[in-house]
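Only one structure is covered here, and it is reproduced in the block below.
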Protein chains: 2
Amino acid sequence: MGKPTVHDIAREAGVSLATVDRVLNDRAGVREKTVARVRDAVSRLGYVRDLSAANLARQRRYRFVFLLPDTTSQFLHALHDAVLEATAALQLDRCDIEVMHVSVGDPVALMAAFDRIEAAGIDGVAVMASETPVLRDRIGRLKTQDVAVVALITDQPNSERDHFVGIDNVAAGRTAAVLTGRFAGGREGKIGIVVNSMMARDMVERRIGFDRVMGEGFPNLTVLPTMEGRDDHAMTERVVGQFLDSNSDVIGIYCAGAGMRGLTKALEDRGLGDKLIVVAHDLTQHSRAALESGVIDVVINQNAGHIARSAARVLKAQCDGVDVIASQEKIRIEIVLRENLP
Amino acid sequence: MGKPTVHDIAREAGVSLATVDRVLNDRAGVREKTVARVRDAVSRLGYVRDLSAANLARQRRYRFVFLLPDTTSQFLHALHDAVLEATAALQLDRCDIEVMHVSVGDPVALMAAFDRIEAAGIDGVAVMASETPVLRDRIGRLKTQDVAVVALITDQPNSERDHFVGIDNVAAGRTAAVLTGRFAGGREGKIGIVVNSMMARDMVERRIGFDRVMGEGFPNLTVLPTMEGRDDHAMTERVVGQFLDSNSDVIGIYCAGAGMRGLTKALEDRGLGDKLIVVAHDLTQHSRAALESGVIDVVINQNAGHIARSAARVLKAQCDGVDVIASQEKIRIEIVLRENLP
DNA sequence: CTGAAAGCGCTTACAG
DNA sequence: CTGAAAGCGCTTACAG
C-alpha cells in the first residue's frame, strides 16, 4: 500500500470521510472520543495530507497584496517587476497577487489602503513602509482577522508581522565599511556618507554599522557627517557636489540611500569618475552601468527577485500553517563587483 | 465563469473529455479535424491546464537522482545536506529524490550507476563529476530515454545536458583576483594559488580568470605557479608550507580548491594567521570559522542550498515541459566577508 | 454529533 | 477514431 489517504484513516478509525475531514481540519462538533480515534489512526498510519488535493477540492486560491510606496526609484521599479514575475509563476500555485502603490507616509492614504484590503478578504499582505503607529495598528488588526503579514525591506519589529523579508541593515553598513576600508589600503583621508534621510530606520542602521567598523578597524579614515539626499537625484547631486568641493582629501563615498544618479553625476562632472572608492546600494540598471564603467566600485544588493518570491512563499506557508526552509528565506547581503555581476 | 476547465473545452468543441485529454496531452489517434476543433476551443477560451489536478489524477510522482562523487569534502557534505533538506520540502511536490555517492572518476563505477538509473526508470538526474567520454555518452543515452539531466557544479558543455547548475568559474577567479588586488592596496608582492589539480576544468577556469585580472589591473602583484593540493589537507598543508618557507614577500594566497584546513594550518603554524590576504572558496563550517577569526579574508561561495533546490526545480520543470524563472535559477558568485556572513 | 453522495479538474482503462 | 464512467485524494453541503 502506498501513502495512506483519508479513506485509509476512515476505515482504520471506523468513521466516515466527513468525520476524518472534520478532525483533520480542526472543525468543531466531533465527540472527543471520535477525535481521539481519528488522530490515533492518523499517527498509526503515518498519514500526511495531500495539500494540493485539498486545495483542488476546496477550490482554494490565495489572495495576496504587495503594498508598496508610490514613490519611484530604480530599486522600487526592480522590486515591482520582480513581484510581477513572481506573480506569473505563482498563478500555477493558486496564488493571485495584486500590487498596490500607496503613499505610505500619508496616514489617510494608508488607512484607506488597509480598509480596501480588509474589505477584499485578502489572505496575506506584504508591506513596505516606514514604521508608524498607524501601520503598527493596522497590522495588528489584520492579524486578528488571521491575515498573514510580512514586512518587506523595512522591518516592523514592534508590530505583529509574522516575518521580515529583507536584510540586516547594520550588517550591510558594516560590509560597506570593511570594503571601503580595505580598498583604501592604509591611505589616510575622508569618507562621505549620503543617505535619504536620517529619519528612516534602515538609513540609521546602515550608518551605525558603517561607523562601528570604521571606528574599530580604520583609524586612518575619517567619516564625515551624514548628507541627506532625500531619495532625489538633484538633491543628492547638490549635497555631494558641495561636499566634494569643500573637502580636499576625500577618498571614498558610501551611498546608503537612493538618488544614485545624482551621485555619479556629481563625481563625473568633477573628473572623479574612477578616482574615489564608491560603495552604493541596490543593483539597478544605473548602478550596473556605473559598476561596469568603474564609477561605482561595490554595490551592496538585496536581491529584488529573491525578496518578492520569498515574501510570497512565506505568506503562503503562513496560510497553510507549514514551515518554510529557513535558509532559503534568509535574504543575503550580496556584494556585487564588476567581476561577479549577474 | 471562472477559469475554463476541460469540461468547458469539451462542450465548446463538441467532443468528450477523453478526446480533450488526448489532444491536450498530444496523444495519437485523434482525427486532425477533431484536434483542430479542440485546439481552437482551447485558445478561444484561454484554457490553461491545472497541473496539480492532472498530477493527482495520474498519481504522478517525480523520481530524481543526485549523482555525487563519493569523495568527501566539507563542501560536498554541505551539498549533501542541502539536497536532503530540499528532499523533505519536495516530498510535498510529489518529488522523490535519491542521492547516489559514486566514484565518478572510475568509468566502471560510473557505468554501473547509470545502469541502475536507467533500470529504475528515473525521471531526472543531477550529476556532479568531471567531464569524461563515458559520462558524455551516458548523458546522451539518458536524453534518448527522455530523462531530464542537469550538470551540477561542473558543467558538461559538450554533452546533451539540459541545464547547468553552478557558477561561472572564470568569473569566480576574476572576482577573487580583484578582491586580492584591491585589498593589497598598491603594495608589491607575490601571490600564491592552490588548486586541487590542473586537470579539473573548474580549477583551470578559476586560474584563468584570476590571471587575467591580475595581468590587467595589478602589475604590482606577481602570481606564482599553481600549487596542487589534490583535495587533501595534508598535501595542501605541505605545498603551502613549502611555498611560504621559500618565498619572502608573499602577501596573498588564493585557494581555488578544497583542502582548506591544510591551508589555514600552514598559515597559523607560521604566525601568518592574519598577515596575508587569503581568498578561498565555498562556505563551510571551517571556512566560516576562519573568516570569523580573520585567517581567511574572503570566501567566494556557491550556495549549496540554492544549488540543490535549483537543480530539483529545473528537473521538475523539464519533466513538466514548463519554463523556469531564469533569474531564480542563476547561481550567483557570492562574496562572503566576516561582516556579511549569513 | 455523524455519514452518504457529489464534486474539484484532470486522466484512465474499457468498450464500441 | 471516440465516448461514458470511474477514479485520483480531498472537501462540502445536506440530511439525519
Side-chain angles (χ1 to χ4, degrees), chain A residues 1-42 45-62 91-96 319-322, chain B residues 1-42 45-62 91-96 319-322:
Chain A
M1 166 177 122
K3 314 237 164 213
T5 71
V6 276
H7 290 94
D8 301 312
I9 303 297
R11 189 174 355 90
E12 183 82 4
V15 300
S16 72
L17 286 180
T19 298
V20 171
D21 188 72
R22 289 187 186 101
V23 175
L24 252 29
N25 292 289
D26 293 313
R27 276 188 269 273
V30 184
R31 265 194 315 178
E32 262 191 43
K33 247 179 98 177
T34 317
V35 173
R37 277 229 306 285
V38 173
R39 290 209 198 290
D40 230 57
V42 165
L45 267 48
Y47 170 80
V48 33
R49 143 163 179 250
D50 183 331
L51 228 184
S52 63
N55 281 340
L56 174 61
R58 178 181 270 182
Q59 301 193 74
R60 175 92 159 92
R61 295 201 61 91
Y62 302 84
Q91 283 290 107
L92 301 174
D93 271 330
R94 327 186 87 80
C95 296
D96 295 316
C319 292
D320 292 338
V322 302
Chain B
M1 166 174 121
K3 315 239 164 211
T5 73
V6 275
H7 290 93
D8 301 313
I9 303 297
R11 189 173 357 88
E12 182 81 4
V15 299
S16 74
L17 288 180
T19 297
V20 171
D21 189 70
R22 289 185 187 103
V23 175
L24 251 29
N25 292 288
D26 292 314
R27 276 188 270 273
V30 185
R31 264 194 315 179
E32 261 190 42
K33 246 179 100 175
T34 317
V35 172
R37 278 228 306 284
V38 173
R39 290 212 198 291
D40 230 61
V42 165
L45 267 48
Y47 170 80
V48 34
R49 145 166 179 244
D50 183 331
L51 229 184
S52 63
N55 281 340
L56 174 61
R58 177 183 272 183
Q59 302 194 73
R60 175 91 159 94
R61 293 200 64 89
Y62 303 82
Q91 282 291 106
L92 301 174
D93 270 332
R94 325 185 91 81
C95 295
D96 295 317
C319 291
D320 292 338
V322 302

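In what follows, chains carry the letters A, B, and so on, assigned in the order in which the sequence lines appear, proteins first and then strands, with residues in each chain numbered from 1. Side-chain atoms are counted along with the backbone in the values below, which use heavy atoms only and exclude waters and symmetry mates.
Base pairing of dG3(C) is made with dC14(D), judged by Watson-Crick or G-U wobble geometry with both donor-acceptor distances under 3.5 Å.
Look at R27(B) and you won't find any side-chain N or O under 4.0 angstrom from OP1 or OP2 of dT11(C). For N55(B) and dC8(D), the shortest distance from a side-chain N or O to OP1 or OP2 is not below 4.0 Å. An OP1 or OP2 oxygen of dT2(C) is reached within less than 4.0 angstrom by a side-chain nitrogen or oxygen of R31(A). T19(A) has no side-chain polar atom (N or O) that falls below the 4.0 Å cut-off from OP1 or OP2 of dT2(C). Regarding contacts with the backbone of dT2(D), a side-chain N or O of T34(B) is found under 4.0 angstrom from either OP1 or OP2. Between Q59(B) and dG9(D) there is a side-chain N or O to OP1 or OP2 distance below 4.0 Å.
Residues V20(A) and V38(A) come closest through the heavy atom pair CA-CG1, 4.3 Å. Taking all atoms of both residues into account, the shortest heavy-atom contact from A13(A) to A41(A) is CB-CB, 4.1 Å.
Within the nucleic acid shown, D21(A) comes within 4.0 Å of at least one base atom, counting heavy atoms only. Counting non-hydrogen atoms under 4.0 angstrom, V20(B) reaches nothing in the nucleic acid. Contacts of V30(A) with the nucleic acid, taken as non-hydrogen atoms under 4.0 Å apart, involve only primed sugar atoms and P, OP1 or OP2.
With rounding to whole Å, D50(A) atom CG is found 14 Å from dG9(C) atom C1'. Atom CZ in R11(B) sits roughly 12 Å away from atom P in dG9(C) (whole-Å rounding). Between R37(A) atom CZ and dC1(C) atom P the separation is 14 Å, expressed in whole Å. Between the P atom of dC8(D) and the CG atom of L17(A) lies a distance of 12 Å, rounded to the nearest Å. D320(A) places its CG atom 15 Å from the P atom of dC10(D), with the value rounded to the nearest Å. Summarising the geometry, the separation between CZ on R58(B) and P on dC8(C) is reported as 20 Å, rounded to the nearest angstrom. Atom CG in L56(B) sits about 13 Å away from atom C1' in dT11(D), given to the nearest Å. Between R60(B) atom CZ and dT12(C) atom C1' there is a gap of 15 Å when expressed in whole angstrom units.
For the pair R27(B) and D21(B), the salt-bridge criterion is met [side-chain N within less than 4.0 Å of a carboxylate O]. Of the charged side-chain nitrogens involved, none lies within less than 4.0 Å of a carboxylate oxygen, so that R37(B) and D40(B) do not count as a salt-bridged pair.
Nearest to the side-chain atoms of S16(A) among the listed nucleotides dC10(D), dG3(C), dC10(C) stands dG3(C). Listed candidates were dT12(C), dC10(C), dG3(C). Nearest to the side chain of A18(A) is dG3(C). Distances were taken from every side-chain heavy atom of R49(B) (C-beta onward) to each of dT11(D), dC10(C), dC8(D); the shortest belongs to dC10(C).
Side-chain atoms of R94(B) come within 3.5 Å of backbone atoms of R60(B) as a donor-acceptor pair (strictly under, hydrogens ignored).
A donor-acceptor contact under 3.5 Å links the side chain of R22(B) to the base of dG3(D).
At least one test fails for R49(A) against the ring of Y47(A): distance under 6.0 Å to the centre or angle within 45° of the axis.
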